[in-house]
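A short worksheet on the structure shown next.
From a predicted model like this one, the values you see are computed outputs, not experimental measurements.
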Amino acid sequence: MKRKIIIYLLAIVQIVLLAACNSAEYDGLTEEIALLEEEYAKVQNENLRLKQEKNGLKIEIEELTAQNREYFEDTIKPYQYFNVNVDEYIEKVKFLNQNPEELWYNANNIFLLDELVFENEDIHFESIYTCEIFNIEDTGERCIAEITALDTGMLTKIQFTYYYAEDGEVSDLGYQHYFNYSDIFVSAFIMLNSGRDDTDDEFEYYFERLFKHALYYDGNAWGRNYVSADGKYIVFQILPIGLKD
Amino acid sequence: MRRFIYIVVLMLFIVAVASGCVNKDAIEEMQRVANEIEEDIEQVEDENENLEEEIESLITDKEEAIEYNEEIKQKVDGINEQKPGEFQFTFQEYFAQILYLCRQWDMDIFNGPLASQMDNSDYLEYVFKIEVNDETCTGIEVHVFTEKKSDKVLQCTLIIYQDEVYRMDESAYGSAFRTVTEIALSALVLAGTTPFEESEITLAILNKIQENDIATCAQYNIGYAMEADDEAEIRSFFPYK
C-alpha cells in the first residue's frame, strides 16, 4: 500500500517538476515575445520613416520634373519640330535600306548594310536614336546617325556625323556609305513629310533643295553643315525652320 | 482512510497532469506568436531593404534632376539674357524670318546656309545667298555670325560683289538688290519680336537704320556700317547696344 502511494507521489512530483519547467519556458517565451515586439516596433518605425522618405523624394522629383519640363518647353521655340513621328521615320529609313530600288533605278550597284540597328536612349524629355552607319577600324573613318524626337514622338532633328580618317583620306567605302545613307535619311524624311512615295520630279526637286541647297521650304526644314574646329569631323543636320503653317 | 488517500493522490495526479497540459498549450501558442512576429520582422526588414534600394535610386534620380535643372535653367537664362553684342534671337529664328520675307517678296535662297566654325573660336559663320529674281544678277551673299553654344546672332554682313554694285541704281536690278538688303535688315528687326506676323516695320525705319539715325538704331538695337573695296561692298548690321 505504502509503496503504491510512494509511486503515485513520485509520479506527481515528476509531473509537477515538468509543469514547473514548462512554466519557466513559458516565462522565457513571454520575455522573448516582448523583445520581438520591441524589435518589430523598431523595424516598423524604420519602415514608416523610409516610406516617408521615399514619398518625400518622389514629391521632390515630381516637382523638379515639372519645373524641368517647364524650362525645357521654354527652350523649344514654337513650331520647332517636324510633323513626322520618329518611329514611322525610322521604319521608313529601314524600309529604304531593305528596298533600295525605291530610291535608285540601279539599286544593284548600291552597296548598303544588311540591317540598320537603332539604339534608343531617353534623356529627360527627348528620345535620341543612334545608329552606326559605318566604322572602318583600319582608317578610323566612322559615321553615326542621330535622330532626336520630343517625348511626344515628334521628330526634331536628323544628324549625321562623319569622322574623317586619321590620315585625312576619304576611303571609297566611307564615301559611298556616307552619300548612300545621307540619301536614304533625307529621302525618308521628304517622303514622310510630304506624304509622297514616288520619286517623281517634285520629290527630286525637294531632294535637290534639301540635300544640295540645305533647304526644304515647303517641308519647313533646313540643313546645316559644319566642320568641327579641329577638322576631325563634319556634321550634317536637318532642322525645323520653325515656320508657322 | 485508505480510500481518502487514494482520492487525494488521484486528484493531485489529475491537477498535475492538467497543469502540465495547460502550460504545454500555452507554450505552443506563445511559440507560434513568437514565430509570427519573427516572420513579420523579416518581412518588414525585407521591405525596408527594398525601400532603401528604391530610395537610393530615387536619390540618384533627384541628383540627376537637380543637375539637369541647373543645366536647363542656364539654357533658359541664356535665351532670355540680353548680352551686349548679341541679338536676342538665334540664327534659326533669323533664317526662318528671312524665308518668310523672301516668300513675300518673291525672292529665293540660292544656297542653303553653310555653317563653319571660325578657327578655334566659339563662333559660327553661316553663309547663304539671297537670289535676286533676275538672271543677270547673282544675288547677295549673307554672312551671319553667331555664338556657337547659344547660336544667337552677333552680326549680319551682306556682301555685294563689285560687279553687282553698279546695279544698285534706280533700275529694276537696283531695286531688287535694295529689296534683298531690306529683307536681310527687316529679318533682323523682326526675328526677335514678332516673327511671321504682319509688322509695323516700314521702309522709312529701314532707311533710318542705314543712315545710322541714333534714335532709330537704339530703338531697334541695330547698328550699321558699310565699307567697300575693289572687290565688294560690305554692309554689316550688328547690335547697337
Side-chain angles (χ1 to χ4, degrees), chain A residues 1 5 8-9 11-16 18-19 22-23 25-26 29-30 32-33 36-37 39-40 43-44 46-47 50-51 53-54 57-58 60-61 64-65 67-68 71-72 74-75 77 79-80 124 209-210 212-215 217 222-230 239-244, chain B residues 2 5 9-10 12-13 16-17 19-20 23-24 26-27 30-31 33-34 37-38 40-41 44-45 47-48 51-52 54-55 58-59 61-62 65-66 68-69 72-73 75-76 79-80 90 92-93 95-96 99-100 103 109-121 124 126 128 195-196:
Chain A
M1 171 68 191
I5 290 171
Y8 282 133
L9 280 174
I12 289 166
V13 167
Q14 199 177 354
I15 291 166
V16 168
L18 271 174
N22 280 350
S23 176
E25 196 180 345
Y26 183 87
L29 274 169
T30 311
E32 191 186 330
I33 285 175
L36 284 171
E37 273 172 350
E39 197 184 332
Y40 183 67
V43 292
Q44 275 286 27
E46 178 69 358
N47 184 272
L50 289 170
K51 276 183 180 162
E53 192 180 341
K54 182 184 158 184
L57 278 166
K58 270 188 174 175
E60 277 182 84
I61 290 169
L64 271 167
T65 308
Q67 197 183 42
N68 286 350
Y71 283 140
F72 175 76
D74 282 349
T75 65
K77 299 278 179 345
Y79 313 106
Q80 293 286 356
H124 302 296
R209 295 283 283 157
L210 185 52
K212 289 193 177 160
H213 304 300
L215 194 62
Y217 190 84
W222 65 294
R224 177 166 86 155
N225 279 293
Y226 69 82
V227 181
S228 68
D230 56 12
L239 299 161
I241 294 171
L243 288 174
K244 198 174 175 180
Chain B
R2 190 183 294 170
I5 289 168
V9 169
L10 190 66
L12 275 173
F13 184 77
V17 169
S19 152
N23 263 354
K24 204 181 169 199
I27 284 166
M30 292 292 266
Q31 196 70 55
V33 171
I37 296 174
E38 266 177 348
D40 286 348
I41 289 171
V44 178
E45 274 176 346
E47 201 185 324
N48 285 358
L51 278 169
E52 275 168 9
E54 280 179 56
I55 285 169
L58 284 171
I59 288 171
D61 290 352
K62 186 184 157 187
I66 289 172
Y68 180 64
N69 186 273
I72 195 86
K73 193 171 179 298
K75 200 171 173 185
V76 174
I79 291 169
N80 296 329
T90 63
Q92 205 159 344
E93 290 167 276
F95 190 61
L99 288 169
Y100 178 75
R103 182 180 264 188
I109 304 289
F110 183 67
N111 278 317
L114 178 69
S116 52
Q117 192 171 353
M118 297 171 69
D119 304 322
N120 280 322
S121 70
L124 283 181
Y126 290 89
F128 61 93
F196 324 124

Chain A heavy atoms under 4.5 Å from B/Ile66: which part of the residue, side chain, backbone, both or neither? both
Under a 4.5 Å heavy-atom cut-off, does chain A meet the side chain of B/Glu54, its backbone, both or neither? side chain
Find the distance between [atom1] ([X]) and [atom2] ([Y]) and round it off to the nearest 0.5 Å.
X	Y	atom1	atom2	answer
A/Ile33	B/Ile37	CD1	CD1	5.5 Å
A/Phe72	B/Tyr68	CZ	OH	5.5 Å
B/Asp40	A/Glu39	CG	CD	11.5 Å
A/Glu53	B/Glu52	CD	CD	9.0 Å
B/Met30	A/Glu32	CE	CD	9.5 Å
B/Glu38	A/Leu36	CD	CG	5.0 Å

Interface check, chain A: of B/Leu124, B/Ile59, B/Asp61, B/Asn48, most non-hydrogen pairs under 4.5 Å belong to B/Asn48
Hey, what's the ring geometry for B/Tyr126 with A/Trp222, parallel, tilted or perpendicular (30° and 60° as the breaks)? tilted
A/Leu239, A/Thr30, A/Val43: which one forms the most heavy-atom pairs within less than 4.5 Å of chain B? A/Val43
Between [X] (side chain only) and [Y] (backbone N and O only), is there a donor and an acceptor less than 3.5 Å apart?
X	Y	result
B/Gln92	A/Pro240	yes
A/Asn68	B/Ile72	no
B/Asn69	A/Gln67	no

Kindly give the heavy-atom pair with the smallest separation between A/Leu50 and B/Ile55, and that separation in Å. O-CD1, 3.3 Å
Closest non-hydrogen atom pair between A/Ile61 and B/Leu58, with its separation: CD1-O, 3.2 Å
Under 4.5 Å heavy-atom distance to chain B, tell me which part of A/Thr75 shows up: side chain, backbone, both or neither. both
